[in-house]
Every structure is written in structure tokens, then in C-alpha cells.
Amino acid sequence: MARYSGLRVLTEGLRGNSGWKPAWRKAAPRPSYDVIVVGGGGHGLATAFYLASVHGITNVAVVERGLVGQGNTGRNTTIVRSNYLFPENNHFYEHALKLWEGLEQSLNYNVMMSQRGVINLFHNDAQRNAALRRGNSMRLNGIDAELLDRDGVKAMCPIVDLDNGRYPVMGGLLQRRGGTARHDAVAWGFAHAADARGVDIIEHCEVTGMIVEGGAIQGLRTTRGEIRAPKVGLAVAGSTSTLTAMAGFDVPIETHLLQAFVSEGLKPLIDCVVTFGAGHFYVSQSDKGGLVFGGGLDGYPSYGQRGTLPTAEHVYAAGVSMIPALGRLRGLRSWAGVMDMTPDGSPYICKTPVRGLYMTAGWCYGGFKATPGSGWCHAWTIAKDAPHRLNAAHTLDRFREGRMLDERGNGPFFWAQ
Amino acid sequence: MTQRHRLAAGGHVDRAHRLGFTFDGRRYEGHAGDTLASALLANGVRLVGRSFKYHRPRGIYSAGVEEPNALVELRSGARREPNTRATVAELFDGLDATSQNHRGSLAFDWMAVSGLLAPWLGAGFYYKTFMWPAAFWERLYEPMIRKAAGLGRAAALPDPDRYEAAHAHCDVLVVGAGAAGLAAARAAGMTGARVMVLEQDFLLGGDLLNDAAHDAWRTGTIAALAAMPGVTIMRRTMAFGFYDQKVLGAVEQVADHLPEPPPHTPRQRSWTIRAKEVVLATGAHERLIAFPGNDRPGIMLAGAARTYARRYGVRAGETAVLFATHDAAYESAFALAEGGTRIAGIIDPRTDSVAMQRAREAGFTVRAGSVVTGTIGGKALRGVEIGALGSGSRGDALPADLLMISGGWNPAVHLASMAGTPLRWDDSLLAFVPGEGAWQRSAGACGGVHGTGAAARDGAEAGRAAAVAAGFVAGADVPLPEAPAADHRPFALWEVKAGGKAFVDLQDDVTANDIRLAHREGFSHIEHAKRYTTHAMGTDQGKVGGLVGAAVLADARREPVASVGLPRYRPYAAPITWGAMAGGEVGQNFQPVRRTALHSEHDALGAVWMDAGLWKRAAYYPRPGDADAWASVKREARAVRERVGVCDVSTLGKIAVEGPDAATFLDRVYANTFSTLPIGRARYGLMLREDGIVFDDGTTTRLGPDRFFVTTTTAQAGPVMQHLEFHLASAWPDLDVSLASVTDQWAAMSVAGPRARAVIAAVVQGLDVANEAFPFMAVADCVVAGVPARLFRISFSGELAYEIAMPAGYAGHVWKAVMEAGAPHGIEPYGVEALGLLRIEKGHVAGSEINGQTTAQDLGLGRMLKKKGDFIGRVLAQRPGLTDPARPRLVGLRSVDPNRQIRAGSHLLVDGQDQGWITSATQSVVDPGWIGLGMLRDGDARIGSEIVAANPLMGEEVPVKVVTPHGYDAENLRVRA
Amino acid sequence: MLRIPCPHCGARDEVEFTYRGDATVARPAPDAGTDAFHDYLYLRRNPRGWQVEWWQHHGGCRAFLKVLRHTVTHEVRGVVTATGALEAPQA
Amino acid sequence: MSAPEPTHPLAAVVRGRHGATGGEPLRVSFPAREIVQVMMRRGQDSAVAAAMRSAFGIDPPGPGQAATGSGASAIWVQPGQWLLTAPRGTQATLAARAEQAFAGLAAVADQSHGRTTIALSGPAARDALARGCRLDLHPSVFGPSRAAQTPIAQIGCLVHQTDATPCFELTVFSTLAEPFLHWLLEAAAPYGVQVA
């Protein structure tokens with residue numbers, strides 16, 4: 001397939017754009033593969049891409065129940081950052097962020113990664129101390145972080161109300177390299193690039209069973225027939241429990257709802273990503289002009305993709321409290337994604353009790369930013385049958401061992417972080 | 001100033017009531033009953049906006065919420081509202097509106113040059129380019145795109161208006177007050193049910209307002225509803241979302257039709273409505289036809305043109321062409337002709353129909369088998385090109401300044417779909433209609449039942465059925481309007497392919513070609529095509545052209561429209577105001593302020609406040625002469641160390657635990673033992689979570705064999721109560737224990753310092769407070785300053801200290817008595833900052849150490865864990881990761897240079913390796929300099945060594961000495977003195 | 001928005017309630033061992049369908065309730081007090 | 001020496017008319033109350049009922065109900081728990097009376113200072129409350145001697161309708177009484193409100 005480029009856009013434009021071909025083939029399943037990746041979202045497609053591009057494993061199928069990129073990849077708030085506290089997490093997310101920084105070039109697809117800065121506001125001493133601890137952890141691990149005082153916040157995001165709210169703003173922790181990316185394009189870009197390397201992307205192919213013999217995976221039963229493979233990687237977010245149940249084991253995951261919202265389109269108003277510290281609210285502005293915003297979980301398990309009103313009201317209230325100018329703007333749409341929440345808020349990229357079965361899961365409400373890193377580490381784990389050091393801590397067994405990665409100290413599932 | 005397009009009579013505007021307004025700085029006049037759009041049309045204003053991508057000139061396209069083009073910035077200054085649909089903005093005197101999304105003027109927008117680049121700006125072009133060089137995206141390409149994108153400008157100033165929430169319950173909720181909704185409400189109301197009717201418009205009647213023949217029925221029905229005490233009608237109220245279990249959200253525009261809200265009136269109110277049954281009567285939206293140039297100012301949906309003529313008395317054009325695919329749209333030609341518009345022709349792809357005959361009889365030129373192949377004009381329509389259906393070629397042209405189009409009607413199924421109702425394709429209406437829904441009944445046009453009479457009948461049936469389902473007995477029949485049925489079944493014409501931009505989404509400039517390009521590139525599923533092209537993602541959410549785009553896609557896929565379907569409907573039915581959704585709990589009211597009973601005492605002392613959860617606590621009490629905050633804090637702390645201080649500790653959680661199994665229960669929820677605690681004694685307790693991490697700490701007192709008084713930290717009061725209740729309910733339902741939160745009943749103050757006993761002795765009555773009689777950890781009920789109180793000999797500061805708890809209403813009285821009794825001893829009130837200083841000196845852990853990540857062992861409290869018996873957290877605390885000796889341990893820290901500050905949040909570097917962090921830091925008053933507590937790997941072994949407190953965020957590296965956390969009075973002699 | 005019929009207080013808005021985990025897991029006996037406590041605290045069936053859950057009516061009568069709720073449709077089909085029995089239907 | 005008069009949490013509130021002028025205002029007052037939380041021990045249902053009857057002349061009300069006896073009222077608040085309330089006289093005695101009446105049968109916690117009662121009455125009281133109260137207070141489903149706990153403006157509130165005016169007694173945590181009243185006065189402002 002011809003590469004995408006400005007020149008090609010130019011020449012195709014002159015020919016009435018009639019020469020474009022599908023961004024990826026609509027592949028039909030073959031009887032067997034070296035690796036099957038379940039889940040055609042960002043994480044699954046990235047896994048396939050890195051299996052092919054890093055490990056040279058190209059006899060790979062990605063099976064997707066519905067459409068590419070229609071799960072959380074297609075319904076998140078597009079934030080990319082690596083501002084984590086624990087080295088186990090911040091090293092991983094930083095690796096992901098570095099992959100993001102070169103993603104357009106590696107995929108030959110513009111995912112519109114935009115490093116416009118991510119600010120977490122703090123409103124009291126305890127929050128400030130926690131921000132310092134986290135930011136210093138980042139800095140000591142070679143990750144950019146800056147402490148903003150009130151003037152610094154004002155300079156980055158002038159319409160934030162520092163003074164008049166219930167909890168005045170004291171400052172913020174800024175990661176300048178954080179930002180946003182065009183979420184749909186990430187899935188399409190990985191699909192495009194994986195397909196170009198020979199990966200079969202098989203949409204409308206739902207897994208109905210796992211073929212496990214002698215404690216090892218042998219393949220999958222799907223709505224499009226049986227597909228064999230000695231290695232299977234799960235990247236199915238909210239469906240993880242359903243699929244691991246097919247393989248015969250339960251996982252520490254509870255599936256919850258997270259709502260997201262977009263406003264009507266506006267001329268540039270908010271230039272960075274900014275997160276309220278006194279309530280559940282964060283916001284950025286898309287290149288199209290809509291304010292993309294969200295808050296906390298709805299508070300109970302759900303696969304329904306249907307948000308509740310009181311949570312939405314809280315998000316809007318927190319928004320107006322942080323930025324009183326938002327009051328006269330309008331919300332346009334809201335939607336809800338299913339979040340695979342873990343007891344400690346950190347993910348799994350690991351082997352499973354079934355040999356040859358791997359998973360990247362438990363991304364809670366932060367899976368988007370991890371996409372390339374998750375795929376990269378998952379691919380490594382599948383290829384080597386062993387985790388990379390970046391994801392060595394992100395096991396299912398860490399709770400048995402008492403090695404939780406609980407960044408917020410909320411405790412198991414509480415509730416649900 | 002003349003409204004030259006206003007008809008002399010007719011409609012629902014009050015011609016005697018003139019309202020002045022401005023658009024783009026020019027003054028105009030309209031009438032009460034106008035929208036901004038109808039008033040602009042009355043004044044002959046055609047060009048009202050620019051499109052999103054190509055900045056094409058656009059005019060008013062509709063007469064309702066579905067408007068894609070006529071978006072304006074309404075009002076000015078802090079009240080500026082971008083993207084306001086002129087078609088639903090109710091006119092008021094002094095209204096001020098500005099067109100948006102152009103550079104230069106609306107008429108000469110130099111961004112319109114982007115239209116020339118259209119061949120290269122097709123769907124998704126940006127995914128394939130702007131990638132080289134990598135750094136140019138953020139610096140060059142993206143800023144360019146961002147500036148060009150977006151619609152209106154936000155005010156960027158705090159919104160001066162107020163909003164509020166409101167709650168309602170009803171038996172039957174009717175959404176929409178057109179023929180179907182009014183009939184439904186009346187039928188339901190007659191059963192005695194509690195009925196609410198929501199109408200987004202400022203007038204009731206919907207399409208009834210477009211035909212004077214229905215006025216009698218409309219007004220009669222409204223009067224009948226008004227006479228029913230159980231019926232509430234809310235105008236200007238839009239149901240935006242249908243949530244689980246028949247709960248709907250609606251926004252009432254209380255004051256948007258006024259220059260500004262009157263006193264005690266919010267601008268808008270957001271309603272949460274819980275209904276037993278719901279009737280949706282939300283009508284239908286007319287859809288466009290995709291043909292080249294279908295976007296010029298002067299092109300309008302046929303039904304809208306009729307609405308302007310009949311409801312607003314406005315002639316939307318002088319010479320009009322109708323391009324329609326069904327009979328019902330012909331009413332528009334008749335309506336406009338009545339108002340004096342010349343109908344230049346009717347273009348219809350069909351060969352024959354009843355309406356065609358009628359039109360010909362009325363003298364109109366009807367071009368059967370024809371389609372519009374293009375339009376002529378720039379900022380206003382000048383002519384319409386016509387060709388034969390299917391020929392693909394352009395034929396002749398008719399001059400016209402108005403082109404009315406109708407490709408059929410789409411039931412407004414948004415709310416029904418949100419309610420989980422499956423949609424089914426109706427082959428005669430060529431639209432999706434709601435199927436059977438568990439939560440709602442769709443009546444009238446939104447259910448695919450068109451025509452006033454039929455819709456009203458359908459509504460009455462739905463209203464009656466809803467009331468019956470809600471438990472009421474059906475009443476008498478409802479009178480229904482007489483009306484001939486118009487045929488709404490369209491000919492399947494979605495697009496006229498004739499070269500040129502044929503828009504399916506006007507706002508976002510998505511063309512039929514864009515949809516085909518998406519298909520060519522594999523984005524053939526409707527969800528993919530939508531995202532790839534941004535089709536139906538504008539503020540109108542595809543109400544006018546969404547299905548047309550789907551049909552174009554279906555054509556490209558060579559499949560029926562039904563199998564292509566529509567993207568999933570999500571909230572909101574139409575855009576809603578952020579402020580309304582937020583309601584009143586914003587700004588200072590975002591969360592309530594919790595005040596202790598001593599709040600006014602602190603205020604009188606000039607306290608500086610700090611937030612602790614909901615609480616306001618006194619941080620410190622500045623005095624003239626204090627150089628800075630630290631000076632105040634140290635002065636207060638020194639008073640405690642040297643003399644005596646008093647501190648409000650009312651915010652600590654307090655729980656009365658009582659019952660025959662109270663002691664057993666406490667033994668299970670605390671890591672240490674309470675069943676052995678003597679009556680009249682307190683004990684420090686440590687509570688773990690089930691995962692073995694420390695949850696909370698506090699002192700618990702035994703007041704009787706079965707009575708305990710538990711205290712929690714301020715922050716964890718709520719979670720601890722829930723934790724206790726949960727385990728009583730789930731794990732040990734056999735235990736007979738009651739829990740009562742008495743946090744608010746008891747105010748408490750700590751009196752601490754070497755002279756505390758003297759002060760206490762002066763205020764306490766009936767209790768010997770001598771050390772022997774009332775030793776450390778003693779507790780007794782007594783009288784303090786004449787009020788019943790409870791005295792605790794406990795200390796957080798490391799000094800001799802007492803805590804007085806008293807019923808909250810007496811706290812001020814006791815505080816004053818203590819201050820008076822303490823005056824000779826040099827008593828000073830001390831705040832939370834000094835409290836923190838004192839406890840850090842003493843090495844007591846608090847929230848920064850008990851942060852949900854530390855074990856008892858980590859905190860040096862491992863010995864508190866009882867060896868025998870079950871308790872929460874016992875088992876999992878023994879996991880290897882939590883008993884690993886390499887885990888960071890609590891240590892004390894002291895800045896080697898007493899003048900160099902150390903801070904909580906700094907990391908502890910040993911030989912350059914990150915080995916821990918500082919949890920708390922302060923200045924010491926015992927041994928001046930900066931000290932702190934921290935968590936450090938191999939902490940115990942490193943006591944005495946010198947390491948570095950690194951704070952790269954602030955560019956600090958401070959040498960610190962590791963010391964024992966309990967350096968101050970390690971033997972507790974002062975506490976026990 | 002969920003409306004949960006509290007056996008004491010009647011149907012109330014979800015904001016009055018707090019979800020508190022899967023109610024089909026029970027705290028093991030004190031001597032059951034680490035694995036049993038691990039499974040109790042961490043492993044979840046996490047069904048796509050009916051689930052019996054703990055909810056506290058914290059804004060009302062404060063009772064802990066067992067609620068039978070569908071995790072896709074959100075339908076609430078049964079609510080009992082803490083000691084009551086409630087079974088999830090199969091499928 | 002006898003105890004001084006306790007300070008009411010709303011002592012500093014400005015009395016008089018708030019909000020819209022003209023017309024009959026809503027009325028707000030702060031009745032001084034003694035409030036005692038009674039928590040039944042396991043299996044003492046009939047003994048507690050007998051004790052409540054004999055000491056206070058009240059049959060323990062069931063869920064959602066309140067009952068008034070001789071000088072005191074009981075409001076059901078939790079399974080096996082009631083709030084006993086009585087007008088505060090010169091001597092605080094309700095807690096002591098309850099302790100005595102329920103000795104061995106129920107735990108008793110004095111909440112006279114911990115809870116604050118605000119009475120709201122007037123024809124528009126329901127409409128004002130609907131600005132934050134999620135309960136259905138319509139006369140067909142709620143009425144005199146009905147009671148319910150519910151969060152209003154994020155503050156836990158015991159709503160007890162005492163008559164058909166309607167009058168609602170709203171009992172909240174004392175440390176949150178001020179923000180609660182602030183909310184109430186704002187909600188009542190469109191109708192005008194007289195604070196006694």
C-alpha cells in the first residue's frame with residue numbers, strides 16, 4: 001500500500017480523491033496463526049503492530065467482536081501523560097509516552113499527538129505534598145515535571161479561577177510533554193500499520209470459547225469458526241472477565257462505567273489539559289474546538305455504556321467551580337465507557353494461569369495513554385513468554401504476594417478508586 | 001427598520017408589541033412571539049453564519065432545535081453565549097446577537113478561501129499528512145487548525161447568572177406539547193394521574209401553531225389541562241436525556257427570554273424527573289436532500305418556511321421553489337403562496353401524486369420526475385437548476401430567492417433510543433421509528449404517526465395507556481381535532497448526483513463525496529464513517545442530514561439504508577447549558593462548609609483558616625509582631641512546649657459503640673486489643689484494612705462494660721463508620737453492637753503543656769486531676785466550667801495534655817473559661833499548623849504517614865498487632881510483600897543546616913539512589929531547625945547517617961540526618977508528668 | 001439513574017446509596033489462610049449480567065442491603081436486608 | 001452551678017425577611033429540641049415498644065413514620081433505631097429519661113447538640129424543598145407524621161412533616177446546619193422567607 005504523505009494528499013486531491021484504498025484489509029480468519037490477539041482496540045492493534053515490527057512475528061490475527069477502535073479507544077478523553085508516582089508505573093508510562101512521541105512516523109499515520117501540557121491542580125498542603133512526591137519521583141526517574149505556583153497556573157490556563165471557589169487553587173503539577181491525541185486515529189493508525197506488516201485484522205469475529213488443553217491455550221472458538229494458535233493475547237478491556245472465565249479463571253477486575261463529555265465547538269479557549277483537585281473534573285480542548293471533559297466513575301459495576309445523571313451533574317458542577325466561564329457554554333454529547341478496574345488502580349500486562357495465554361488489562365480509566373506502551377510490553381511478553389522489566393510488576397499475582405501498586409492508597413477496589 | 005417580509009396578519013406574534021434588537025451591530029425590530037431567526041427573516045436578513053470548515057455563507061435552514069447553520073453569539077460581555085441557535089432564541093427587547101466563525105466580516109470572510117482548497121481538505125486528510133517534520137505538528141500545523149476550527153467564542157469571563165437544580169415526581173410524563181402531547185396529557189390527566197408536560201418551545205402546540213384551523217382545539221385543550229390540578233405544564237423546558245428507570249433530565253429556560261434574570265430567579269433550572277410512565281411526543285425533524293449547492297442562504301427546509309409563514313407571519317422569500325419528495329411538503333407551497341410569495345415551481349422526483357394534482361389545480365407549475373441539480377448564488381440564492389431524475393445532467397434554471405426542500409421526516413427518536421427502545425426501519429416513511437419500548441410510549445410524529453388528527457389520536461391512546469399502567473382507571477374520551485391527513489411517505493431520493501458539493505452535514509461541511517471517500521478507505525461502518533468524516537457530530541448532531549449521510553453510505557455499500565443504520569443515540573437530545581447541568585452546587589457552594597462549635601471563637605481570635613475535608617479549621621492565629629506565618633506557628637507551639645495551649649479538636653470522628661458484643665467487635669476491627677481495657681481508661685488503637693494496610697488510628701475509651709467511645713481521624717471519620725457498619729452487617733451479623741456517630745454532639749479541645757493541669761484544675765469540678773488520681777490515659781465524666789463534660793488525659797503534642805469534650809452548645813462557654821483560667825499561665829490557642837509541628841517533633845504519625853500505602857510495621861507500630869485472635873487485616877498483612885524488611889520505614893529527619901528547609905514530598909537519596917521520601921516537615925521549636933518524618937528503606941539501620949533530601953521540582957538538594965522519629969521525650973516523661 | 005427500592009425507605013435515588021462490592025463473597029474463617037482471604041478480597045466473578053451486590057443506604061437508613069442488579073441493563077430486581085438471601089438468576 | 005444556655009448553631013443567622021418581598025412568605029424557625037438516638041438491642045422489640053409506650057406514650061413508629069406521645073415524638077431513623085425528640089425546657093432531661101426507660105434494652109445517645117432542627121412552613125414549602133430534596137413530598141404519598149432521611153444539598157437531612165400547612169421539620173448535623181440553612185434560604189428566596 002502506498003504511504004500517506006502530503007504529496008499524496010495533493011495528487012489524490014487533483015484526481016478527485018478516487019485513488020485511496022482501505023486503510024486496512026478486511027481480513028477473513030485463517031485456520032491458524034502464530035499469535036492471536038483478541039481485541040481490535042488500541043491495545044490489541046498495538047500489540048499486533050509491535051509483534052510484527054519489533055519481534056518480526058507477522059503471522060498474527062487480531063480478532064475483534066465488533067469494529068476496530070469502537071471500545072474505549074473510541075470513547076475516551078484522549079489524554080496522554082506519564083505523571084505517575086511509583087517507578088514501576090512511571091517507567092512504564094514514560095516508555096509509552098516516548099512511543100507516542102514518534103508514533104506518527106512509526107505508523108505513517110497522523111494521530112495528532114499534541115504535547116500541550118497536563119496540569120493537576122492542588123488546593124491544600126496535603127495535595128501539594130503529594131504532588132511534590134509524585135513530581136519528584138518523575139524527575140528522579142528522568143521524566144519531565146514542573147511545579148506551578150498560582151501564577152504559573154494562571155499563565156498556562158488563564159481562565160481557571162484560582163481564588164473564588166470553595167477550595168482555592170494553590171498550584172499545580174505540570175507535565176509539559178503530556179497532552180492529547182486523536183483517539184480514533186490511534187486505532188486506525190495501528191490497524192493501518194499492522195495490516196501493512198501482514199497482520200490479519202478480523203472484525204465482526206467474536207470469541208465464544210477458549211481451547212485449552214493440558215493447561216495450555218490451543219486456540220479460540222469464534223463466531224467465524226475455530227482459529228488455532230499456540231499463543232493468545234487478550235486486550236479486551238471491559239470484557240476481560242468474560243474471556244478469562246472462558247479460560248477457567250477469575251481475575252481481580254471489576255468493570256465500571258466512566259462518562260465522558262464534549263461541548264459544542266468553540267474558538268481556542270483552553271490550551272492545555274487541566275485537572276481539578278477539589279472534585280472530579282478534567283478538561284482539554286480538541287483540535288475541532290470541543291471541550292472534552294470527564295470526571296469520576298459512576299460508582300457501580302456496569303457493562304451498560306450508559307451513564308447516570310447525578311455523576312454528570314457533579315462533573316459539570318466541578319467544571320464550573322474550576323472555570324466559572326464554562327457556565328454559558330453547552331454540553332453537546334456524553335457517552336460512557338466500560339472500565340476494567342483493578343483493586344489497586346494499576347494494570348496487568350502479564351502471563352496468566354493458562355500457558356500461552358497473555359493479557360493486557362485492568363487499565364482502569366487510564367488505558368488510552370498507555371496504548372503504545374501496553375502493546376509494546378504485551379508483544380514483548382508474548383514473544384518472549386516473559387515480561388519485560390517495564391511490566392514485570394504488573395502481574396495478576398501481585399495481590400497474592402502483597403506487592404500492590406496502589407498509587408492513591410485507596411485500598412482494594414475502593415470503590416472503585 | 002421596516003420588517004418588509006412581515007405579513008400583515010396571522011400567526012402567533014404580537015404585532016403591537018415591538019422589540020428592538022441588533023445583529024452584527026445593526027438595529028432591527030421584531031415582535032413579541034418572534035425568535036431571533038423569524039425576526040431576522042422578517043427584516044430580510046438571509047446571511048447569518050459561516051460553516052465550520054469551508055466558511056461557506058449560510059442562512060437560516062430550519063425553525064427549531066435542529067438548526068445547523070444559524071448559530072450566533074447571543075448577548076455580550078460575560079453573558080456571551082456562543083453557538084446559540086437563532087431559530088430557538090426567543091426575541092426580547094435589547095437582544096444583541098453577532099455572527100460567528102469568520103475573519104473579516106460575515107459578508108467578506110477571508111477564511112472562505114479554504115473552500116478553494118476543498119479537494120485537499122476532504123474527510124480525514126489530516127490523518128495522512130502534517131507528519132513531517134515531527135516537531136512541526138505542535139508548532140505549526142496544529143495551531144493553524146485550532147484557530148480555524150471551532151465555532152463561536154466563549155466569553156472567558158465568569159458567568160454572572162445563577163442556576164439551580166429541581167426535582168420532580170409524576171405518574172405520567174409527557175414530553176412535547178404538540179397535538180400528540182397535548183392529547184396524551186389530557187387523556188392521562190382525566191384519570192386523575194399526576195401529569196407533567198414538558199415543552200421546549202415557549203408556546204404550546206408544536207405544529208398546531210402552523211395552522212389557524214387548529215387554534216380552537218389547541219386553546220381548548222390547554223385550558224382543559226390548566227383546569228386539572230394534577231397536571232403541570234412546563235414551557236421552555238427541554239428533556240435532554242432519558243436515564244435508567246424512567247428518570248429524565250430536562251432544562252427549563254427560566255429567564256433566557258429576558259435581558260437578564262430578575263432577582264431570586266435563576267437563568268435556567270435543571271429538572272430531574274422520576275416518572276412512573278413516559279409518553280414521548282417529540283415530533284419529527286425534516287431532512288434535507290443532498291444536491292450540489294444545497295447549502296446557500298435562501299435554502300430552507302420546507303416545513304420551516306411554512307412555520308415562518310404561519311406561526312411568525314414572515315415571508316421567507318419573494319420567489320420560491322419547492323423541492324419535495326412527498327405530498328405533505330406541498331403545504332409549504334400553499335402556505336407561502338397565501339402570504340404572497342410567488343411559487344416559481346415545484347420540483348418533485350415522483351411522476352404523480354394527489355398533492356401534485358392539487359398544486360396544479362391551484363396554478364402552480366409542478367415539474368414531475370425532476371430534481372434540483374444545483375443552485376445559483378453566492379451569499380444569497382438567486383436561482384435553482386433543475387434536471388430530470390436520474391439524468392445526472394443540469395437542465396434549466398428557475399430564478400428564486402427561496403428554495404424549500406423536504407426529503408421526508410425523521411421521527412425524533414433520540415429520547416426513545418436512549419430509553420433502550422429498539423429502532424426499526426419503516427419502509428414507507430423511509431425512516432427509523434421506535435419499536436416496542438419498555439420505558440416509554442412514542443406517540444404522534446416521533447412514533448411515525450403523522451398528521452394532526454392521527455397524531456392526537458395516537459397521543460390520547462398513549463396517554464390513557466400510560467395512566468392505566470401507572471395504576472389509574474381510564475377516563476372519558478378526549479376530544480380530538482379534525483384534520484385531513486397529509487401523506488408524509490416520501491419518494492426515496494437522498495441525493496442528486498450532479499457534480500459539486502452536496503452537503504449531508506451542513507455545519508461540519510461533510511459532503512456526500514466525503515462519505516464515499518470514507519467508504520473507499522474502508523470506513524464503511526456508520527460509526528467509522530461518522531468518526532472519519534465528522535458527519536453528524538456538529539451541534540445539531542445530524543438531525544437534518546444524519547440519515548441522508550447514512551443513505552449515501554448505504555448507496556456506496558450497495559445495501560439498504562436499514563442495514564447501515566444510524567450511530568448510537570447518546571445524550572443530549574439537544575445541547576444543554578453547562579451552568580444548568582451544574583446547578584447551584586458551584587463555586588463557594590461546591591461543597592458545604594462544616595464548622596465546629598468553636599468557629600466563632602477562632603474567628604474572634606483572627607484565625608487563618610484551612611480546609612480539612614469539608615471542615616474549616618484554624619490553621620494558626622497571627623498576631624501583630626509575628627514576622628510571618630511560621631513565626632505565629634512557632635509561637636503557638638512554643639507556648640505548648642513551655643506553658644500551655646488550647647486547640648480545637650472537635651473535627652475528630654467520634655463513634656459511640658455499645659452493646660453486649662461491643663468489646664468483641666472492637667477486638668476484631670482493631671489490630672490491638674480492647675476487651676482488656678479497664679473502664680475509665682483510653683487506649684490508642686490501630687485499625688487495618690483487610691489488605692493489611694493501616695486504615696486509621698485514634699483513641700478509644702471504655703465508658704462501661706458494654707460502652708465504648710471511639711475516636712477516628714478527621715479525614716477518616718466517614719470511611720471508618722462505613723467500615724464498621726459493613727463488617728457488622730456482612731461479616732459478623734451475630735454481634736449485638738450499635739453504632740452512633742456523635743461527632744457533632746461533642747465538641748472537644750485539647751489543653752496541652754506543662755501547665756495544663758493547673759488550667760484544668762481551675763475549670764474542672766468534682767474530679768481530682770492529680771497525676772496519681774487521673775493518670776495518663778485516664779478518662780472521666782465531670783463538670784467543666786459548670787457544664788457536663790468528659791475529660792481525657794491523652795496527648796498528641798507530646799506534652800502533659802487533657803482533652804475536654806463537651807456537648808457542642810457549651811463549647812464556646814468552656815473555651816472562654818479555659819482561656820480565662822489559662823491567662824495567668826500564658827495560655828495561647830494553637831492551630832492545626834502548630835499541632836502538626838508538635839506531633840512531628842514527637843514522632844506521632846498522621847494522615848501523611850497513614851496514607852493508605854503503609855503497614856503497621858512500616859510505621860514502627862508492628863508491635864501493636866495482637867498475636868492471638870482474628871482481626872481485620874491480620875491474614876493479608878502477613879503477605880511477603882508487606883513484611884519485606886526492605887520496605888521503607890518511618891524515620892525522623894533533621895536538616896543538617898538548620899536554615900535549609902526540607903519539605904514533605906522531597907525524596908530521600910542515599911548514594912544518589914531514591915530510597916524514600918519525606919512525609920511531613922516542619923520547623924522545630926525544641927531544637928531550632930528543619931525537621932521531618934519520612935519513609936526510608938532500611939530506615940532503622942540508617943539512623944545516624946547523612947543522606948540527601950532531593951526536591952528537583954524546586955531545585956533543592958538538602959543534606960539531612962536520619963534520626964529516630966521519637967527524639968522528643970522518648971520516655972514519655974512529659975506526657976506522664 | 002438507578003432507583004433502588006430500599007426495604008425500609010422505599011424507592012430512592014442512587015445518590016443515597018453507596019456500592020460496596022460483590023455480595024456473593026464472604027469473609028473467610030479466621031484460619032482459612034492467605035489464599036482464601038486473597039480470593040475474598042481480590043478475585044471477582046464480575047458478571048456481565050445479574051449480580052448480587054452490597055449497597056449501603058447511607059443517605060437514608062444506613063442499612064447495608066443486598067441488591068440484585070443487572071450489570072448491563074441496570075435493572076434492580078430484588079433488594080433484601082443484609083441477612084436476607086438473594087440469588088442471581090442463571091443467564 | 002447550673003449549666004449556661006447552650007449556644008444554638010444558628011445563633012448568628014440574620015432574622016427577618018429574606019428573598020422576594022410581597023405576598024405571604026415561607027416561615028423558618030429553629031425550635032429548640034432535645035434529641036436522643038435510641039438503638040435497640042437484639043431481640044428487644046417488644047420490651048422497647050413497651051418501654052417507649054410507658055415512658056413516652058408512644059408506640060414505636062415503623063419505617064418512614066413518626067409518632068407523638070406525651071411531650072415527646074419518636075421518628076424511625078434506622079432499623080431498630082429512633083430519634084426521640086422533645087421541646088427543650090430549662091432542664092435537659094430527655095436523655096436521662098431515655099437512659100432510664102431503655103436501660104438494658106437499647107443504647108441511648110444524646111444528640112441534642114449534635115442535631116439541629118429547622119422548621120419550614122408555608123404553602124410553597126414543597127416547591128422550595130424540591131430545589132434540593134429528591135423525595136416525593138406530594139400529599140398523595142407523604143403527609144403529616146411521615147418522615148424520611150435524605151441528602152439535601154449534600155447534607156444528610158431528616159425530613160419530618162408535622163402538619164398539612166405543610167410544615168416540615170428538617171433535622172441536620174449541627175456542624176452543617178449553617179450551610180444547610182444557607183441553601184434553604186436560597187431555595188425559598190423566590191417565595192420570600194421569614195426567619196423567626
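Please read all numbers here as calculations on a predicted model, not as lab measurements. Each chain gets a letter, A, B and so on, in the order the sequences are listed, and its residues count up from 1.
Contact annotation for D/His182: only side-chain heavy atoms (C-beta onward) come within less than 4.5 Å of a heavy atom of chain B. Heavy-atom distances place no part of D/Ala177 under 4.5 Å from chain B, backbone and side chain included. Proximity to chain B (any heavy atom under 4.5 Å) is restricted, for D/Ser140, to the side chain, taken from C-beta onward. Looking at B/Phe709, there are no atoms closer than 4.5 Å to chain D (heavy atoms on both sides), in backbone or side chain. Heavy atoms closer than 4.5 Å to chain B are found nowhere in D/Leu129, neither backbone nor side chain. There is no contact between D/Asp127 and chain B, counting heavy-atom distances below 4.5 Å. Residue contact with chain B, scored on non-hydrogen atoms closer than 4.5 Å, is absent for D/Pro9. With a 4.5 Å cut-off on non-hydrogen atoms, D/Val172 does not touch chain B at all. For a residue to count as touching a neighbouring chain, one of its non-hydrogen atoms must lie under 4.5 Å from one of that chain's; by this rule B/Asp734 touches chain D with the backbone only. Contact annotation for B/Trp746: neither backbone nor side-chain heavy atoms come within less than 4.5 Å of a heavy atom of chain D.
Rounded to the nearest 0.5 Å, atoms CE (D/Met40) and OG (B/Ser738) are 11.0 Å apart.
Between the D/His113 side chain and the B/Gly809 main chain, a donor and an acceptor come within less than 3.5 Å of each other. A donor-acceptor pair under 3.5 Å is absent between the side-chain atoms of D/Gln111 and the main chain of B/Gln745, judged by distance alone. Put simply, the side chain of B/His599 never gets that close to the backbone of D/Thr175: no donor and acceptor are under 3.5 Å apart. Listed for the B/Glu658 side chain is no donor-acceptor partner under 3.5 Å among the backbone atoms of D/Ala107. Judged by distance alone, the side chain of D/Arg42 and the main-chain N or O of B/Leu735 form a donor-acceptor pair under 3.5 Å.
Checked for salt-bridge contact, B/Asp706 and D/Arg41 meet the test: a charged N lies under 4.0 Å from a carboxylate O. For the pair D/Asp136 and B/Arg194, the salt-bridge criterion is met [side-chain N within less than 4.0 Å of a carboxylate O].
Residues B/His813 and D/Glu5 are not in side-chain contact: their nearest non-hydrogen atoms beyond the backbone lie 4.5 Å or more apart. Side-chain contact between B/Val787 and D/Pro4 is present, with at least one heavy-atom pair separated by less than 4.5 Å. In this structure the side chain of B/Arg595 reaches within 4.5 angstrom of the side chain of D/Pro179, judged on heavy atoms. Contact of the D/Glu186 side chain with the B/His264 side chain is not registered, since no non-hydrogen atoms from C-beta on lie closer than 4.5 Å. The shortest distance between side-chain heavy atoms of B/Pro592 and D/Phe180 does not fall below 4.5 Å.
No other option in D/Val141, D/Thr116, D/Leu135 has as many heavy-atom pairs under 4.5 Å with chain B as D/Leu135.
Inspection of the B/Gln591 and D/Gln154 side chains reveals no N or O donor paired with an N or O acceptor under 3.5 Å.
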